[in-house]
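Remarks on the structure that follows.
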Amino acid sequence: MTSFDNIAEDYDEDIYPLNTNEFIQPTVKALMSLSKGKDILEFGIGTGRIAIPLAKKGYQLSGIDYSKEMLAVLNRKKGSIDMLTYHGDMTLTRLDKSFDLVYLIFNGITYLLTLDEQLECFYNASRHLKSGGRFVVETFIPKVDQIVKDNVAPYALEEGYIGFDKYNLINQNMTSYQYSISEDGKSESYQTTHRYIWPSELALMGKLAGFKLIHQWQDWEGNDLEPGSDDCIMVFEKYK
């Protein structure tokens, strides 16, 4: 995850330029509806695209991230907004506070590359939650049915842009490759490695960590998860 140090300055504009209407507003609205109180913790807070709008709504935000450079961008952006950020590992870092809501979105859990690390993330979320508090996880659903050859599944073939995923079906690791060519002929490439995870695995991890599953959505509008969904949002509630 230290590779995020290298892309931090360009992350919001060039790497994942998801705008307010399509991404930020629906996500913030849903998280507000799920939190039973004002104390919220984000695992993988990054540049604060979700945390800053939540803080502006009056929530007390804390965040953990492994990338110092992403946190540096966040701290510049937040200005005088009251928010606590911590450099650390979301599977291990322990804050001396309990929260009403912990969330880990936008495929963040897949950057933990082993089953043990992903499960430990659930345990750490539970350690930070008040009784009845909620843990929200968002991730993509792997498209193994789209593999065409050599464990490669293309997902984008456009003028100036190519994207494909290469799967390792044994350890559930996947590397996503993106290539872009600008109008002046300059090329850029970017790749990320993930351990993809199924909704059923997430449900089992939640159970092991002392959660009950209360929602399975395919989007932030709260539409139910379906067999053909591209993404899943799992909402857990702590019961012990």
Side-chain angles (χ1 to χ4, degrees), residues 1 4 16 18 20 22-67 70-71 74 78 81 83-86 88-95 97-112 117-140 194 197 199 201-203 205-206 209-222 225 231-239:
M1 291 185 289
F4 281 95
Y16 288 113
L18 299 176
T20 300
E22 292 178 358
F23 176 66
I24 295 175
Q25 286 183 353
T27 307
V28 169
K29 183 178 179 181
L31 292 173
M32 289 172 59
S33 72
L34 291 170
S35 183
K36 295 180 177 181
K38 293 293 186 179
D39 294 316
I40 297 179
L41 171 63
E42 180 172 1
F43 284 171
I45 194 171
T47 61
R49 287 184 299 164
I50 302 302
I52 291 174
L54 279 171
K56 288 181 177 179
K57 296 287 187 179
Y59 290 84
Q60 301 299 310
L61 263 292
S62 299
I64 299 170
D65 204 281
Y66 202 71
S67 168
M70 294 285 274
L71 289 175
L74 163 59
K78 73 181 181 68
I81 295 174
M83 185 187 305
L84 298 175
T85 59
Y86 303 87
D89 186 331
M90 60 188 171
T91 69
L92 299 172
T93 301
R94 183 71 173 93
L95 308 184
K97 183 176 181 180
S98 295
F99 296 87
D100 301 293
L101 180 76
V102 177
Y103 67 92
L104 172 59
I105 62 172
F106 203 47
N107 308 325
I109 195 166
T110 69
Y111 291 103
L112 303 173
E117 288 178 314
Q118 291 176 344
L119 179 56
E120 190 56 41
C121 182
F122 271 78
Y123 283 120
N124 202 30
S126 181
R127 286 192 288 267
H128 283 92
L129 282 167
K130 302 171 185 177
S131 179
R134 290 171 174 175
F135 181 37
V136 183
V137 182
E138 177 196 24
T139 186
F140 65 89
H194 309 260
I197 186 169
E201 284 184 282
L202 290 168
M205 289 180 188
F211 292 105
K212 61 180 178 181
L213 179 62
I214 60 173
H215 297 298
Q216 296 184 87
W217 298 336
Q218 64 174 312
D219 54 40
W220 290 106
E221 282 72 32
L225 189 65
D231 301 288
C232 69
I233 298 165
M234 311 286 279
V235 183
F236 301 89
E237 189 168 276
K238 181 177 178 178
Y239 66 86

Q | Straight-line distance of Met234 CE to Leu225 CG, nearest 0.5 Å | A | 7.0 Å

Q) Should Arg127 and Glu120 count as an ion pair when the cut-off is N to O under 4.0 Å? A) yes

Q.
For Leu213 versus Ala203, what's the shortest heavy-atom pair and its separation?
A. CD2-CB, 4.2 Å

Q: Using a 4.5 Å cut-off on heavy atoms from C-beta on, say whether the side chain of Val136 contacts that of His215.
A: no

Q) Can you find a pair of side-chain heavy atoms, one from Ile50 and one from Val28, that are under 4.5 Å apart? A) yes

Q | Side-chain heavy-atom pair Ser126, Phe135 within 4.5 angstrom cut-off | A | no

Q: Supply the atom-to-atom distance Tyr103 OH to Leu41 CG, rounded to the nearest 0.5 angstrom.
A: 8.5 Å

Q | Student check: side-chain heavy atoms of Asn124 and Phe43 closer than 4.5 Å | A | yes

Q. For Lys212 and Tyr239, which heavy atoms make the closest approach, and how far apart are they?
A. N-CD2, 3.5 Å

Q: Output yes when a side-chain donor or acceptor of Gln118 lies under 3.5 Å from a complementary backbone atom of Leu112, and no otherwise.
A: yes

Q: Indicate yes or no for a side-chain donor-acceptor contact from Asp100 to the backbone of Lys36 under 3.5 Å, with no hydrogens or angles considered.
A: no

(Q) Surrounding NZ of Lys38 (heavy atoms of other residues, nucleotides or ligands, distance under 6.0 Å), is the total greater than 12? (A) yes

Q | Leu95 backbone acceptor or donor facing His128 side chain under 3.5 Å | A | yes

Q) Are the side chains of Met83 and Ile45 in touch, meaning some heavy atoms are under 4.5 Å apart? A) yes

Q. So, Asp65 versus Ser67: side-chain donor-acceptor pair below 3.5 Å or not?
A. no

Q. Between Tyr111 and His194, what is the ring plane arrangement, given parallel below 30°, perpendicular above 60°, and tilted in between?
A. tilted

Q. Do Cys232 and Gln216 have side chains that get closer than 4.5 Å, going by heavy atoms?
A. no

Q) Hey, does Ile52 have a side-chain heavy atom less than 4.5 Å from the side chain of Leu74? A) yes

Q. With side chains defined as the heavy atoms from C-beta onward, is the minimum distance between Leu61 and Lys78 less than 4.5 Å?
A. no

Q) Considering all heavy atoms of both residues, which atom of Trp220 and which atom of Ala30 are nearest to each other, and what is their separation? A) CE3-CB, 3.5 Å

Q) How close do Leu129 and Lys238 get, heavy atom to heavy atom, and via which atoms? A) O-NZ, 2.9 Å

Q: Show your working on side chain to side chain contact (heavy atoms under 4.5 Å, CB included) between Ile40 and Leu31 and close with a plain yes or no.
A: CA-CA 9 Å; Ile40 297 179; Leu31 292 173; 5.8 Å; no

Q | Ser62 versus Tyr86, closest heavy-atom pair with distance | A | CB-CE1, 4.4 Å

Q.
Measuring from atom OG of Ser35 to atom CZ of Arg134, what distance do you get when rounded to the nearest 0.5 angstrom?
A. 8.5 Å

Q) Passes side chain to side chain contact (heavy atoms under 4.5 Å, CB included), Lys130 versus Asp39? Steps please. A) CA-CA 10 Å; Lys130 302 171 185 177; Asp39 294 316; 3.5 Å; yes

(Q) Measuring from atom CZ of Phe99 to atom CD of Gln60, what distance do you get when rounded to the nearest 0.5 angstrom? (A) 10.0 Å

Q. Looking at CD of Glu138 and CG of Asp219, how far apart are the two atoms once the value is rounded to the nearest 0.5 Å?
A. 9.5 Å

(Q) Are more than 12 heavy atoms, taken from residues, nucleotides or ligands other than Lys56, located less than 6.0 Å from that residue's NZ atom? (A) no

Q) How close do Pro26 and Glu221 get, heavy atom to heavy atom, and via which atoms? A) CB-OE2, 3.5 Å

Q: Take the angle between the ring planes of Phe122 and Phe211 and call it parallel below 30°, perpendicular above 60°, tilted in between.
A: perpendicular

Q: Without swapping roles, check the side chain of Thr93 against the backbone of Met90 for a donor-acceptor pair under 3.5 Å.
A: no

Q.
To the closest 0.5 Å, what do you measure between CZ (Arg49) and CD1 (Ile24)?
A. 6.5 Å

Q. Using 30° and 60° as the class limits, which term best fits the ring planes of Phe23 and Phe106: parallel, tilted or perpendicular?
A. tilted

